[in-house]
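Working notes for the structure below.
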Amino acid sequence: MKKLLYMILIPVLFLSGCAKNTLQTPSADLFVMDGDITAAGISAGDGPEEFIDAYRDYPIQVAYQDQSSGYLTMSIEDIPYEDQISSIIAGLFIDGESVTEEEVCAENEIESSELPELLSSPSYLRNHDVIYRLLDFRWEDGVIADIISMDLNYNETFETPHIQS
């Protein structure tokens, strides 16, 4: 279970760390799916043009499916759609609000390397609801083969409920 947790946490670290990001922060409704169709109207079988039109304003992470290369931040136009990759759009939500890693780091006066420790600490989780959401688009031969939407509720994962005062 811990290995799976860390596999999911790694993208948080590599999204943008605490660096400035000029792209749009995703809202919670971006991660909602209606059956097999994303809120932006994207489904399996769609190609790069539809994907770019729908998600050009968001940070995109790319990982090769057959390698342990980790996640790479790429311009949406530079993604190698013909390769077997996953392109991921992720968002961090604290107390229901979409936040960037930069904002969390600045507010808590920490470095990006300290972010995972903060977000998993019982003292932070007792005071905040923390949810990490992602859309994972699996590409094969230039089309989307599958889309997975996931939520990771840190309070549940680390068994530390938010205590509202």
Side-chain angles (χ1 to χ4, degrees), residues 1 3-105 107 112 115-116 119 128-157 162:
M1 180 65 183
K3 187 175 183 178
L4 174 64
L5 173 65
Y6 288 113
M7 287 174 37
I8 293 173
L9 288 175
I10 287 173
V12 167
L13 297 175
F14 292 106
L15 270 173
S16 63
C18 290
K20 238 178 197 176
N21 191 343
T22 59
L23 296 172
Q24 191 172 336
T25 304
S27 63
D29 59 348
L30 183 76
F31 301 95
V32 175
M33 292 192 59
D34 184 8
D36 294 336
I37 301 172
T38 69
I42 301 299
S43 61
D46 286 341
E49 298 81 20
E50 295 92 352
F51 182 78
I52 291 168
D53 287 346
Y55 299 113
R56 78 174 60 251
D57 296 331
Y58 301 100
I60 307 289
Q61 296 292 307
V62 175
Y64 285 87
Q65 293 176 11
D66 61 348
Q67 297 178 9
S68 59
S69 62
Y71 292 88
L72 310 167
T73 301
M74 286 189 178
S75 164
I76 198 166
E77 288 86 13
D78 295 333
I79 294 173
Y81 295 103
E82 292 296 322
D83 294 348
Q84 285 195 325
I85 58 164
S86 288
S87 57
I88 297 169
I89 300 171
L92 182 61
F93 297 83
I94 298 181
D95 298 329
E97 298 294 321
S98 178
V99 296
T100 66
E101 288 82 7
E102 176 187 39
E103 291 168 337
V104 177
C105 290
E107 181 177 313
S112 61
L115 190 58
L119 295 178
H128 301 282
D129 285 318
V130 179
I131 299 175
Y132 176 69
R133 294 185 166 106
L134 67 85
L135 283 173
D136 182 353
F137 300 86
R138 310 261 168 107
W139 293 85
E140 292 180 13
D141 301 321
V143 297
I144 298 170
D146 192 19
I147 304 170
I148 299 168
S149 177
M150 292 191 292
D151 289 357
L152 174 65
N153 184 320
Y154 282 51
N155 299 82
E156 291 175 5
T157 301
H162 175 199

TODO: Begin with the C-alpha distance, continue with both residues' side-chain angles, and end with the deciding distance and a verdict on side-chain contact (heavy atoms from CB on, under 4.5 Å) for Ile79 and Ile85.
DONE: CA-CA 9 Å; Ile79 294 173; Ile85 58 164; 3.3 Å; yes
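- Counting heavy atoms from C-beta on, the side chains of Val62 and Tyr81 never come closer than 4.5 Å.
- Side-chain contact between Thr157 and Tyr132 is absent, with no heavy-atom pair separated by less than 4.5 Å.
- The closest side-chain heavy-atom distance from Glu103 to Thr100 is below 4.5 Å.
- Using a 4.5 Å cut-off on side-chain heavy atoms (C-beta onward), Pro80 and Tyr64 make contact.
- Counting only residues at least two apart or in different chains, salt bridge (Lys or Arg N to Asp or Glu O under 4.0 Å) contacts with residues 32-54 comprise Asp53-Arg56.
- Met33 approaches Leu135 most closely through the heavy-atom pair SD-CD2, 4.1 Å.
- Side chains of Tyr58 and Leu30 form a contact here, defined as non-hydrogen atoms less than 4.5 Å apart.
- The salt bridge (Lys or Arg N to Asp or Glu O under 4.0 Å) contacts involving residues 130-152 comprise Arg133-Asp151, Asp136-Arg138, where partners must be two or more places apart or lie in separate chains.
- In terms of the side-chain contact (heavy atoms from CB on, under 4.5 Å) criterion, residue partners of Glu156 (sequence neighbours excluded) are, by chain and number, Asn153.
- Residues satisfying the side-chain contact (heavy atoms from CB on, under 4.5 Å) test with Ile37, not counting sequence neighbours, are Ser43.
- Partners of Tyr55 under the ring pair (Phe, Tyr, Trp, His ring centres under 6.0 Å) rule, at least two apart in sequence or in another chain, are Phe51, Phe137.
- In terms of heavy atoms, Ile42 sits closest to Ile147 at O-CD1, 3.6 Å.
- Contact record, Ile52 with Glu77: CG2-OE2, 4.3 Å, taken as the closest heavy-atom pair.
- Taking every heavy atom of both residues into account, Pro48 and Gly142 meet most closely at CD-O, 3.3 Å.
- When all heavy atoms of Cys105 and Ser112 are compared, the pair lying nearest together is SG-CA, 3.9 Å.
- With contacts defined as side-chain heavy-atom distances shorter than 4.5 Å, the pair Met150/Ile148 qualifies.
- If you check the side chains of Ser87 and Trp139, you find a donor sitting under 3.5 Å from an acceptor.
- Residues Ala44 and Ala145 approach most closely at CB-O, 3.7 Å, considering heavy atoms.
- Taking 4.5 Å as the limit, every side-chain heavy atom of Thr73 sits out of range of all side-chain heavy atoms of Ile60.
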Using a 3.5 Å cut-off and no angle test, enumerate the donor-acceptor pairs between side-chain atoms of residues 88-97 and protein atoms at least two apart in sequence or in another chain.
from, atom 1, to, atom 2, distance (Å)
Asp95, OD1, Asp129, N, 2.8
Asp95, OD2, His128, ND1, 2.8

